[in-house]
There are 2 protein chains.
Amino acid sequence: MDLAFRALADPSRREIIGLLAERSRTVSELLEHFEFTQPALSKHLRLLREAGLVAVEDDGRFRRYRIVGEALGDITTWLLHYRRFWTGRLDALGGVLDREAKKGRRAR
Amino acid sequence: MDLAFRALADPSRREIIGLLAERSRTVSELLEHFEFTQPALSKHLRLLREAGLVAVEDDGRFRRYRIVGEALGDITTWLLHYRRFWTGRLDALGGVLDREAKKGRRAR
DNA sequence: TTGACGTATAACCGAAGTAGCATATACTTT
DNA sequence: AAAGTATATGCTACTTCGGTTATACGTCAA
């Protein structure tokens, strides 16, 4: 989990996750959204890969990145152990989660 | 959020959160659970403080630490935007969260 | 008031992370 | 095979991290 938390500690990498959440993208597509250089992006992607947060797939001469949910799930599960500490938000959160849980059951 | 994610990237600091989740503790109480020195612990605690994850209160000559939920809530909320990526776990998670949501409603 | 206790900070260390530039690798098209 | 495009890695300089020892400071007890 260290790697996942560390990877998400950087705003650019969180933004990458946000972009990949919309749809999978190649490196050059991702690059359009950032100011920094391509090697810098590749390094961010490597960290995200090593943290298990994203995966790559060869796509001709491109490399297509996508989100891998498991690592995100791991750390979220860890965090949810402490959800009672922000119970002020439990109303809003609870609503969302309750709906989500129902959806989950329905899908089963 | 950078600081919170970064603070949680260290296993010792996550353990501190776990200990403080049981109950608030003084520095020396926390120290019993670790191998490293007191200054090392103080540094971890400083990072957790700066990330807004914990707060201190003077208690005579002791300093008592406790969890502050808001920062945990912030990052968890961020992560939950991507929960659809680990829907395989949604069953187990959904069960927990559903119960939690019900408890929230009951407590209201 | 003196001394022990509890905690924080400072100074320092080696290891590891970060950013920019240059370069290597790999696939595609001609 | 050559040239172009897409992506990854190396290198170097700089910063940060996690730990240590030494020390400062406030509080309590005697």
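These numbers were taken from a predicted model, which means no experiment stands behind them. Below, chain A is the first sequence line, B the second, and so on; all start at residue 1.
- First and last contacting nucleotides of DNA chain D toward chain A (any atom under 4.0 angstrom from a heavy atom, 5' to 3' order): D/dT5 to D/dC11.
- Although no hydrogens or angles enter the test, the distance criterion places a donor-acceptor pair under 3.5 Å between the side chain of B/R13 and the main chain of B/A7.
- Between A/F5 and B/F5, the ring planes are tilted. Angles from 30° to 60° get that label.
- One can place NE2 of B/H44 at 13 Å from P of C/dA8, the figure rounded to the nearest angstrom.
- Using a 4.0 Å cut-off, some side-chain N or O of B/R46 falls inside it from OP1 or OP2 of C/dT9.
- Scanning for side-chain hydrogen bond (donor to acceptor under 3.5 Å, both in side chains) contacts around B/E29 gives an empty result, with sequence neighbours left out.
- Rounded to whole angstrom, the span from the CG atom of A/D10 across to the C1' atom of C/dA19 amounts to 11 Å.
- Under the ring-ring contact (aromatic ring centres under 6.0 Å, His included) criterion, the residue pairs touching residues 41-71 of chain A are A/F36-A/H44, with sequence neighbours excluded.
- In the model, A/S28 has no side-chain atom that pairs as donor or acceptor with a side-chain atom of A/E32 under 3.5 Å.
- Residues from residues 16-37 of chain B that place a heavy atom under 4.0 Å from any atom of DNA chain D, listed by number: B/F36, B/T37.
- Applying a 4.0 Å cut-off to non-hydrogen atoms, the residues of residues 49-63 of chain A that approach DNA chain C are A/G60, A/R61, listed by residue number.
- When ring centroids are compared, A/Y82 and A/W86 stay outside the 6.0 Å threshold.
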Below 3.5 Å between N/O atoms, which protein atoms pair up with nucleotides 11-16 of chain C? Just atom names and distances, please.
none

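- When the P atom of C/dA24 is taken as reference, atom CD of A/Q38 falls 15 Å away, rounded to whole Å.
- Each of A/R13 and B/A40 was assigned the nucleotide of DNA chain C with the nearest heavy atom; the assignment lying further toward the 5' end belongs to B/A40.
- No more than 12 heavy-atom neighbours from other residues, nucleotides or ligands sit within 6.0 angstrom of NE2 on A/H81.
- In this structure, B/L48 places its CG atom 16 Å from P of C/dT7, rounding to the nearest Å.
- Within the model, atoms CG of B/L8 and CE of B/M1 stand 12.0 Å from one another, a figure rounded to the nearest 0.5 Å.
- In this structure, CG in A/L79 is found 4.5 Å from CD1 in B/I75, a value given to the nearest 0.5 Å.
- Using a 4.0 Å heavy-atom distance criterion, A/L41 is classed as making no nucleic acid contact.
- Proximity of a side-chain donor or acceptor of A/R6 to a complementary backbone N or O of A/L47 within less than 3.5 Å is not detected.
- Counting to the nearest Å, the C1' atom of C/dG6 and the CG atom of B/L45 are 13 Å from each other.
- In the displayed structure, B/R64 atom CZ is contacted under 6.0 Å by more than 12 heavy atoms of other residues, nucleotides or ligands.
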### Message
Show, in sequence, the C-alpha distance, side-chain angles and deciding distance for A/H33 and A/L19, and conclude whether the side-chain contact (heavy atoms from CB on, under 4.5 Å) test is met.
### Response
CA-CA 9 Å; A/H33 295 267; A/L19 290 166; 3.8 Å; yes

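- The phosphate of C/dG6 has neither OP1 nor OP2 within less than 4.0 Å of any side-chain N or O from B/Y65.
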### Query
Stepwise, does the side-chain contact (heavy atoms from CB on, under 4.5 Å) test hold for A/L41 with A/I16?
CA-CA 9 Å; A/L41 175 57; A/I16 291 173; 3.6 Å; yes

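- No contact: A/R64 has no heavy atom under 4.0 Å from any strand.
- Distance check, rounded to the nearest 0.5 Å: CZ of B/R14 to CD1 of B/I17 gives 10.5 Å.
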